Amino acid sequence: MPSYVRAGELPPKRHIQFRRPDGGLYAEELFSTKGFESVYSLLYHVRPPTATLEVRPWKRPVPALHANEPLRNRHFKTAAMSLGEDAIESRTPLLGNSDLLVSIADAKRPMDYFYRNVGGDELLFIHYGEGTLQTPFGDLAYRAHDYVVLPTGTTYRVLPASPTRMLVHESTGMIKIPRKYRNEFGQLDESAPYYERDFRVPLLREPNEERGEYEVRVTNGGRNAIYIVQNHPCDVVGWDGYCYPYAFNIAEFAPITGKLHQPPPAHATFESPGAAFCAFVPRLFDYHPLAIPVPYNHSSVDCDEVLYYVSGNFMSRRGVEEGSITLHAAGAPHGPQPGAVEASLGKTSTDEIAVMVDTFKPLLLSEQTPAIEDENYYRSWIETAEPLPR
Ligand SMILES: [Fe+2]
């Protein structure tokens, strides 16, 4: 989590009596991680968040995943996929393993229910669209190119103001800021590519004190349920702590560039158990007079690399387009396509925007992927007579 935040009204001490204007007690909620031993927040509800009227089954489809067999590099085109209207129901898993599930989703209409993933943190990347995530911590506005971090157990609903396409990462653990960016006190250090000021936190509104029947769909590692609760989840008058949803727009990412090519870890944004996230944003290229701007050839022997192409001119890749996903599988060689090195020489900057996640366990493919795969991608490094456009 970025740092300590407080919002709204709070009692002077935690765990003491804190009364409403009508004399009743506010209901304190500990929103914690790793039991009681890691980051947490304390929220003060007008009425208890525990008042459950009914629990019903939620028959949520289980993603069907199969091995990347034969093991090869792959390219999926997601732009034209028709996913649905609802930010949760439209989630379409594409890749996954026991640490992470990667899906795409559309939000075209407001959710009339809340959603809570208790199985791990979620990281949304907003490709396009804008709107609001309504949470007990307040309203978190989102816009294109935002990363949104939702800690385990965050209750939320997506209220799009315009059609929204997002890349969804469901982790089984915590999505964290890399340790290398923090000083001994936890503050982002001077060499980090972002700063606490770049992170946006929810704006706490007046508590919704209505009582009724509110639907909260809960998921936890494949177990699902629909809770009908008596009190509106957004009835919070104040909260403080280190654990809360937040947003970070990658336009705020200040990329680290160098005299020679910087490897992907220089572009790291977040990490989670078994996965590392990076953002490639508009930047100046390397300034050695003989520098080669595009990456070298390599085989990532111990991780699968997933790139999601957002916008710009993707210089080292022929055939990719906005919404393309490339999977460079551990051990499968890849690099600039023929002609890309020569075409890149002398270029001083790039306008490309892409986000990446590397996983250390092999990624499986969902049953949705054959229909959107460019099956010849693994042959796209073959030399042809056709030069790359400069
Ligand atoms: Fe790579």
Side-chain angles (χ1 to χ4, degrees), residues 61-83 91-105 123 125 127 167-172 222 263-265 271-278 280 294-310 314-341 352 354-386 388:
V62 178
L65 301 170
H66 59 273
N68 178 1
E69 181 75 43
L71 178 69
R72 68 171 194 234
N73 294 326
R74 294 176 189 267
H75 171 205
F76 307 109
K77 295 186 173 186
T78 68
M81 290 180 82
S82 178
L83 304 174
R91 281 189 184 180
T92 305
L94 298 176
L95 305 164
N97 61 27
S98 58
D99 293 323
L100 193 75
L101 183 66
V102 181
S103 309
I104 55 169
L123 178 67
F125 176 76
H127 184 165
L167 184 68
V168 180
H169 310 85
E170 294 175 47
S171 173
T172 52
E271 62 189 22
S272 64
F277 300 85
C278 296
F280 298 96
V294 292
Y296 27 68
N297 303 293
H298 73 131
S299 304
S300 270
V301 293
D302 52 10
C303 66
D304 277 9
E305 301 175 357
V306 178
L307 261 173
Y308 181 84
Y309 296 84
V310 180
F314 308 114
M315 214 173 62
S316 64
R317 304 256 179 271
R318 194 161 20 200
V320 302
E321 57 189 34
E322 287 191 15
S324 281
I325 291 178
T326 56
L327 166 62
H328 293 153
H334 58 276
Q337 286 159 318
V341 170
E352 71 174 11
V355 290
M356 187 169 91
V357 58
D358 288 356
T359 65
F360 301 107
K361 289 179 190 163
L363 281 167
L364 306 175
L365 314 177
S366 82
E367 58 192 348
Q368 314 291 337
T369 55
I372 55 168
E373 183 170 3
D374 162 15
E375 291 195 341
N376 285 318
Y377 179 67
Y378 76 96
R379 291 164 54 83
S380 64
W381 288 271
I382 296 171
E383 294 209 49
T384 66
E386 183 193 343
L388 271 185

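Model, not experiment: these values are computed from the prediction.
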- prompt: Do Glu305 and His298 have side chains that get closer than 4.5 Å, going by heavy atoms?
  reply: yes
- Task: Kindly determine whether Phe277 and His169 satisfy ring-ring contact (aromatic ring centres under 6.0 Å, His included), including the steps that lead there.
- Result: CA-CA 10 Å; Phe277 300 85; His169 310 85; 5.1 Å; yes
Between the CZ atom in Arg74 and the CG atom in Leu94, the distance rounded to the nearest 0.5 Å is 13.0 Å
Interatomic distance, CG@Leu100 vs CG@Asp358, rounded to 0.5 Å, equals 11.0 Å
### Task
Check the pair Phe76 / Leu365 against side-chain contact (heavy atoms from CB on, under 4.5 Å), numbers first and verdict last.
CA-CA 11 Å; Phe76 307 109; Leu365 314 177; 4.2 Å; yes
CG (Leu327) and CD (Glu373) are apart, to the nearest 0.5 Å, by 9.0 Å
Checklist entry - Is the backbone N or O of Lys361 less than 3.5 Å from a side-chain atom of Thr359, with the two atoms forming a donor-acceptor pair by type? => result yes
Next item on the list: Say whether, by atom type as modelled, one donor and one acceptor occur between the side chain of Asp304 and the main chain of Phe360 under 3.5 angstrom.
Entry: no
Can a donor-acceptor pair be found, under 3.5 Å and without considering hydrogens, that links the side chain of Asn68 to the backbone of Leu363? no
So NE2 of His328 and CE of Met356: to nearest 0.5 Å the spacing works out to 10.5 Å
Could you check whether the rings of Tyr308 and His127 sit parallel, tilted or perpendicular, using 30° and 60° as the cut-offs?
-> perpendicular
Keeping the roles fixed (side chain from Ser366, backbone from Ala64), state whether a donor-acceptor pair exists under 3.5 Å.
no
Salt bridge Glu170-Arg91, side-chain N to carboxylate O under 4.0 Å: yes
- Do Tyr378 and His75 have ring centroids that are under 6.0 Å from one another? no
- Task: Measure the shortest side-chain to side-chain distance between Tyr377 and Thr326 over non-hydrogen atoms and say whether it is less than 4.5 angstrom.
- Result: yes
Does any N or O in the side chain of Trp381 come within less than 3.5 Å of the main-chain N or O of Gly335, such that one atom is a donor and the other an acceptor? yes
With a 3.5 Å distance limit and no angle check, can you tell me whether His334 reaches the backbone of Ala332 through a side-chain donor-acceptor pair? yes
Nearest heavy-atom contact between Asn297 and Pro336 is OD1-CD, 3.5 Å
Of all heavy-atom pairs linking Tyr309 and Glu321, the shortest is CB-O, 3.6 Å
Taken to the nearest 0.5 Å, the spacing of Leu167 CG from Leu123 CG works out to 8.0 Å
dist Leu307:CG -> Glu352:CD (nearest 0.5 Å) comes out at 8.5 Å
Next on the checklist: Check Lys77 with Glu322, please: is the shortest side-chain N to carboxylate O separation under 4.0 Å?
Outcome noted: no
Residues Ser171 and Pro273: closest non-hydrogen pair is OG-CD, 4.1 Å
Review point. Is there side-chain contact between Val306 and Leu95, with heavy atoms separated by less than 4.5 Å?
Key: yes
In terms of heavy-atom contacts, Ala329 and Leu71 come closest through CB-CD1, 3.6 Å
- Query: Do the side-chain N and O atoms of Gln368 and Thr92 include a donor-acceptor pair separated by under 3.5 angstrom?
  - Reply: no
Scanning both residues in full, the closest heavy-atom pair of Leu101 with Pro93 reads CD1-CB, 4.0 Å
